[in-house]
Amino acid sequence: MKPIYMDHHATTPLDPRVLEIMLPYLQEHFGNPSSSTHIYGEIAKKAVEAAREQVVQLLNAQNPAEIIFTSCATESNNMVLKGAVALSKVENPEIITIATEHKAILDTLKRLNRQGVVTRLAKIDKYGIVDLDSIKEMINDRTILITIQAANSEIGTLQPLRSIGQIAKEHNIPFHTDAVQALGKIKVDVEKDHIDFLSISAHKMYGPKGVGALYLRKGHRIAPLLDGGGQERGVRSGTLNVPGIIGLGKAAEIAGSDLTGEADRVRQLRDMLINGVLERIDQTTLNGHPTLRLPNNANLSFSYIEGESLILACKAFAVSTGSACSSETLKSSYVLKAIGVPDSLAHSSIRFGLGKSNTKEDITLLLDTLEKNVKRLRDMSPLYEMAQQGIDVDKFEWGEHKH
Amino acid sequence: MKPIYMDHHATTPLDPRVLEIMLPYLQEHFGNPSSSTHIYGEIAKKAVEAAREQVVQLLNAQNPAEIIFTSCATESNNMVLKGAVALSKVENPEIITIATEHKAILDTLKRLNRQGVVTRLAKIDKYGIVDLDSIKEMINDRTILITIQAANSEIGTLQPLRSIGQIAKEHNIPFHTDAVQALGKIKVDVEKDHIDFLSISAHKMYGPKGVGALYLRKGHRIAPLLDGGGQERGVRSGTLNVPGIIGLGKAAEIAGSDLTGEADRVRQLRDMLINGVLERIDQTTLNGHPTLRLPNNANLSFSYIEGESLILACKAFAVSTGSACSSETLKSSYVLKAIGVPDSLAHSSIRFGLGKSNTKEDITLLLDTLEKNVKRLRDMSPLYEMAQQGIDVDKFEWGEHKH
Amino acid sequence: MSTFEYSEKVVEHYENPRNVGVLEDANGVGVVGNPTCGDVMKLSIKVENERIVDAKFKTFGCGAAIASSSMLTEMVKGKTLDEVMEITNKAVAEALDGLPKVKLHCSVLAEDALRAAIDDYRKNQKNKH
Amino acid sequence: MSTFEYSEKVVEHYENPRNVGVLEDANGVGVVGNPTCGDVMKLSIKVENERIVDAKFKTFGCGAAIASSSMLTEMVKGKTLDEVMEITNKAVAEALDGLPKVKLHCSVLAEDALRAAIDDYRKNQKNKH
Ligand SMILES: Cc1ncc(COP(=O)(O)O)c(C=O)c1O
Ligand SMILES: Cc1ncc(COP(=O)(O)O)c(C=O)c1O
């Protein structure tokens with residue numbers, strides 16, 4: 001039997017309703033939307049435009065032309081940052097962001113730094129929430145963009161989008177948000193939140209892999225990242241991924257409707273999990289904000305136990321230690337580090353990403369499993385032993401790092 | 001009834017064998033290959049690596065690490081050109097290409113031109129075949145790349161890859177080929193043809209839309225276009241499009257096996273079409289080379305008739321006037337222009353892109369339809385009337401252009 | 001140039017164009033357009049007592065160009081020259097239940113052809129005198 | 001750090017680790033690693049007549065670290081100090097039917113813990129005399 005999936009921040013299963021609507025476009029309706037001389041192209045084009053409308057609805061955008069289909073949120077993020085810099089006439093332009101952004105923001109900024117772009121990291125608190133005054137203080141003549149995510153993929157922290165958007169608007173600076181983890185979980189409204197650019201990845205909201213979108217408010221321009229056939233009004237060339245786009249559209253529609261019932265259901269499971277762990281297992285902590293967090297995220301530290309060994313013990317569950325993209329390396333999470341979690345505790349953290357398939361029974365079983373195995377592994381842990389003896393493992397003089 | 005599809009250069013239907021192998025990855029095997037802590041991720045990763053191996057086989061690459069999955073050939077092309085320029089230390093680096101490349105090459109070069117990159121267009125003959133001496137003459141200290149396509153998407157002309165590769169190798173200049181139209185139709189062998197970079201789009205070879213690949217010979221480096229989670233060894237970040245990649249892998253396997261039987265079958269249909277038109281309808285010409293052309297391509301000009309009106313008449317067939325990407329605009333084909341076809345004749349051209357579903361009966365019906373409608377439209381054409389009267393329409397003094 | 005944006009009327013006129021050909025006894029002929037641009041229209045009219053009694057066309061061009069020409073001949077037949085001077089490209093397009101944006105120039109071409117044919121008729125009349 | 005690259009033996013030792021704990025009557029104890037790096041190993045040994053007669057471990061670390069520690073205790077028990085000096089990290093990894101590349105450092109940690117425990121034993125002996 002496969003483990004119970006609780007890694008919905010890494011990716012989500014395709015909603016069967018999404019697959020169903022995609023299938024004809026993987027079969028008889030295979031046309032290229034740019035083929036304007038025959039019905040195959042026409043059918044594809046119509047379907048793509050319908051999907052665009054569904055994304056418009058989810059975001060409360062004003063105009064289908066504001067939606068650009070891409071291959072993933074990584075592309076959307078790269079497009080916005082690189083595309084804004086490419087058109088900027090400012091010397092050493094500055095971009096305001098925070099240290100807990102996804103790598104698709106941070107590593108893109110790193111590359112831009114080599115071209116003279118300056119990254120300004122606004123302050124965040126111990127929950128990872130951005131300090132609004134810090135943003136205001138950083139704004140100057142050279143600020144060309146504020147990019148702050150809607151929700152963090154590791155610790156689930158939600159950012160005050162509307163307040164950030166308000167600041168950006170007042171200072172006439174474009175505001176981008178990476179909303180990958182937020183869509184379908186919390187309402188994101190590009191009008192009310194004053195968002196100018198927004199990144200989407202379908203596979204994080206029960207849509208297909210290989211397709212994303214960029215919301216690009218009318219009147220704002222960026223240079224394209226992919227040049228070529230001139231699709232998507234020249235902003236993103238390349239044959240449109242028709243089945244993917246149709247899947248994204250349907251997933252967007254479903255995400256919008258999930259905001260009422262499903263988000264609450266999952267929030268209850270999350271609270272059951274968080275409260276269960278904190279009450280039943282001592283020396284555990286919640287990372288991220290207690291309430292201003294994704295309804296499906298619980299990031300918990302189990303002191304004195306290394307995360308992977310606990311994951312191995314909970315083999316009836318599919319969970320991860322952090323973002324899928326960084327779990328191949330041995331480094332501990334830069335997100336936990338950025339909110340001040342000590343390295344030792346960062347190694348003791350597990351991210352639970354709940355989703356539609358999870359039930360109350362799953363949480364009950366998970367809590368039992370955790371309780372039993374935390375005990376087992378602590379009995380095996382020299383750190384736990386030291387702690388029992390009153391030694392502070394974080395202050396202890398350890399030998400030099402070996403690797 | 002839907003028209004008979006003959007626009008296989010624009011896109012192809014998904015091979016049912018490809019869809020079949022993709023389906024489980026659109027359903028139960030939905031994991032993110034970067035999720036290393038659970039079986040969902042592991043299953044996805046294994047499948048992706050198997051697909052990589054299938055692409056290796058098709059190209060005769062040496063190493064799976066040489067295959068980078070992308071979202072389409074437009075991305076692969078942009079990646080190579082922009083990525084090579086980004087790492088180049090040469091001032092005003094030069095890239096050698098030809099005027100009949102796809103827009104994903106030409107428009108990318110145009111953008112790079114603004115950064116000081118120089119595009120050198122090697123000479124081509126009236127069939128569109130590159131002049132090898134012209135390439136040799138253009139090579140100098142600043143040449144950082146030669147990019148010449150394997151086969152043209154409009155006129156089907158094949159380039160002498162091996163000879164180009166040989167020249168590139170002798171001069172120690174990396175050689176990129178956009179092989180989008182060629183794979184599955186002619187053998188492309190990165191070893192024998194001395195190819196260093198090669199672009200693939202799955203949907204042009206009966207694979208899914210939204211996925212492509214870049215072959216990147218070991219030892220050659222390019223800067224990434226998408227920064228982020230570090231997937232694909234950091235060269236292309238973004239969650240892998242698992243079902244798409246698996247589809248690409250299977251399509252690559254099938255493409256390899258099609259080189260023997262299917263390519264010959266289609267070549268016979270193509271010749272039946274070309275010979276039928278040239279014999280039965282006067283004042284018709286074949287664009288591109290008579291033999292050094294894609295087995296599935298026939299690009300024909302029907303003098304004195306505007307292409308779209310003929311397409312409209314042949315409504316039992318889905319064909320196009322040129323590349324899907326440019327058919328939304330009213331401009332005539334830059335490819336036909338580049339090989340010296342006069343504008344008037346370019347407007348009279350139709351591209352027939354044959355494929356697996358086409359039969360001898362289709363060609364018979366097509367020839368009858370063409371013959372009948374060409375006659376009908378010529379009877380309606382003032383140009384035909386003039387020609388009958390011995391007036392050369394290309395030399396006639398027409399009024400000024402109005403639009 | 002999506003052909004799917006063509007109205008039924010455009011398709012009908014394209015498939016069954018009215019008044020194709022050249023009038024043997026035309027007294028006004030207009031040829032406009034340019035093959036380099038993808039369309040050429042030739043309109044021949046027969047005028048009697050300042051009234052167009054017959055009209056025929058030949059067109060090299062897309063479906064919209066053929067339909068516009070066909071519609072134009074229908075619209076001018078039986079009208080006086082004064083009356084037809086009021087036929088604009090917009091009127092042609094409307095009579096076809098509209099044309100796709102990128103095809104509006106086809107109706108302009110039709111209007112131009114009409115003007116050219118009438119100019120030719122007037123010139124012929126002048127030369128006679 | 002894909003856990004799917006773990007051999008069956010690693011998993012078996014992780015799930016049923018041998019010799020967990022601290023020897024009450026140890027005369028050599030080694031603690032190596034650093035929680036900041038994600039693993040700490042504590043090995044306690046009892047040496048009699050230059051022979052390790054008992055060994056126990058406690059480990060904070062991933063599955064491979066736990067399995068390496070467990071395997072190490074099995075390997076050293078009953079061997080003379082001279083004999084165990086020949087046990088390298090490679091030997092530990094091999095005894096576990098191999099470790100994933102990114103986990104090889106876990107076997108190094110085990111070797112380090114053994115060296116540290118023996119050093120501690122020798123120091124204790126010296127201090128006695
Ligand atoms: C917040 C956030 N942004 C961007 C991404 C990148 O999404 P993708 O891998 O689909 O490009 C992710 C997924 O890891 C994410 O969680
Ligand atoms: C030769 C060639 N190169 C590149 C492309 C671009 O492929 P895609 O649209 O899948 O990115 C095409 C397709 O139009 C092509 O024919």
Side-chain angles (χ1 to χ4, degrees), chain A residues 2-3 5 7 10-14 19 26-27 30-32 34-41 71-75 77-78 102-104 107-108 110-111 201 203 208-211 225-231 237-244 308 311 318-321 323-328, chain B residues 2-3 5 7 10-14 19 26-27 30-32 34-41 71-75 77-78 102-104 107-108 110-111 201 203 208-211 225-231 237-244 308 311 318-321 323-328:
Chain A
K2 269 205 199 171
Y5 192 74
D7 200 9
T11 194
T12 57
L14 200 54
L19 177 57
L26 288 163
Q27 298 176 97
F30 62 84
N32 183 333
S34 301
S35 293
S36 54
T37 51
H38 51 73
I39 187 84
Y40 296 90
S71 67
C72 59
T74 297
E75 184 183 336
N77 285 347
N78 273 262
H102 190 265
K103 287 285 182 196
D107 282 9
T108 301
K110 252 187 223 160
R111 186 166 309 275
S201 219
H203 74 99
K209 292 175 179 60
V211 62
L225 202 56
L226 301 189
D227 293 296
Q231 289 89 345
S237 290
T239 299
L240 293 180
N241 175 0
V242 179
E308 194 222 82
I311 288 178
V319 295
S320 84
T321 46
S323 69
C325 64
S326 65
S327 62
E328 288 219 28
Chain B
K2 270 206 196 169
Y5 193 73
D7 200 9
T11 194
T12 56
L14 201 53
L19 178 56
L26 289 163
Q27 299 176 99
F30 62 84
N32 183 332
S34 301
S35 295
S36 54
T37 51
H38 51 72
I39 186 85
Y40 296 91
S71 67
C72 58
T74 296
E75 184 184 335
N77 285 347
N78 273 261
H102 190 265
K103 287 286 181 194
D107 282 9
T108 301
K110 254 188 221 160
R111 187 167 307 276
S201 219
H203 75 98
K209 292 176 178 59
V211 62
L225 202 56
L226 301 189
D227 293 297
Q231 289 89 344
S237 290
T239 299
L240 293 180
N241 175 0
V242 179
E308 195 223 80
I311 288 178
V319 296
S320 84
T321 47
S323 69
C325 64
S326 66
S327 62
E328 287 220 28

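If you're wondering where the values come from, they're calculated on a predicted model, not measured in any experiment. Chain identifiers are assigned alphabetically (A, B, ...) following the order of the sequence lines, protein sequences preceding nucleic acid strands; residue numbering begins at 1 within each chain.
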(message) Tell me which of these, V242(A), I39(A), L225(A), has more heavy-atom pairs under 4.5 Å with chain B than the rest.
(response) L225(A)
(request) Pick whichever of P3(A), C72(A), G244(A) has the most heavy-atom pairs under 4.5 Å with chain B. (result) P3(A)
(message) If we define contacts as heavy-atom pairs under 4.5 Å, which of G210(A), G41(A), P208(A) has the most with chain B?
(response) G210(A)
(request) With a 4.5 angstrom heavy-atom cut-off, could you sort out which part of V211(B) is near chain A: side chain, backbone, both or neither? (result) neither
(message) Contact between D7(B) and V319(B) at the side-chain level, heavy atoms closer than 4.5 Å - yes or no?
(response) no
(message) Side chains of N77(A) and H102(A) only: does a donor on one sit below 3.5 Å from an acceptor on the other?
(response) no
(message) Under a 4.5 Å cutoff for heavy-atom pairs, which residue among T239(B), D227(B), T11(B), L226(B) has the most contacts with chain A?
(response) D227(B)
(message) Less than 4.5 Å to any heavy atom of chain A: does that hold for the side chain of S201(B), its backbone, both, or neither?
(response) neither
(request) With a 4.5 angstrom heavy-atom cut-off, could you sort out which part of L19(B) is near chain A: side chain, backbone, both or neither? (result) side chain
(request) Using non-hydrogen atoms and a 4.5 Å limit, figure out which bit of P13(A) sits close to chain B: side chain, backbone, both or neither. (result) both
(message) Suppose we call two aromatic rings close when their centres sit under 6.0 Å apart. Are Y5(A) and H38(B) close by that rule?
(response) yes
(message) Going by side-chain hydrogen bond (donor to acceptor under 3.5 Å, both in side chains), name the residues that satisfy it together with S71(A), two or more places apart in sequence or in a different chain.
(response) E75(A), R236(B)
(request) Go through the structure and list residues passing side-chain hydrogen bond (donor to acceptor under 3.5 Å, both in side chains) with T108(A), not counting sequence neighbours. (result) N78(A)
(message) Is the shortest side-chain heavy-atom distance between S34(B) and Q231(B) below 4.5 Å?
(response) yes
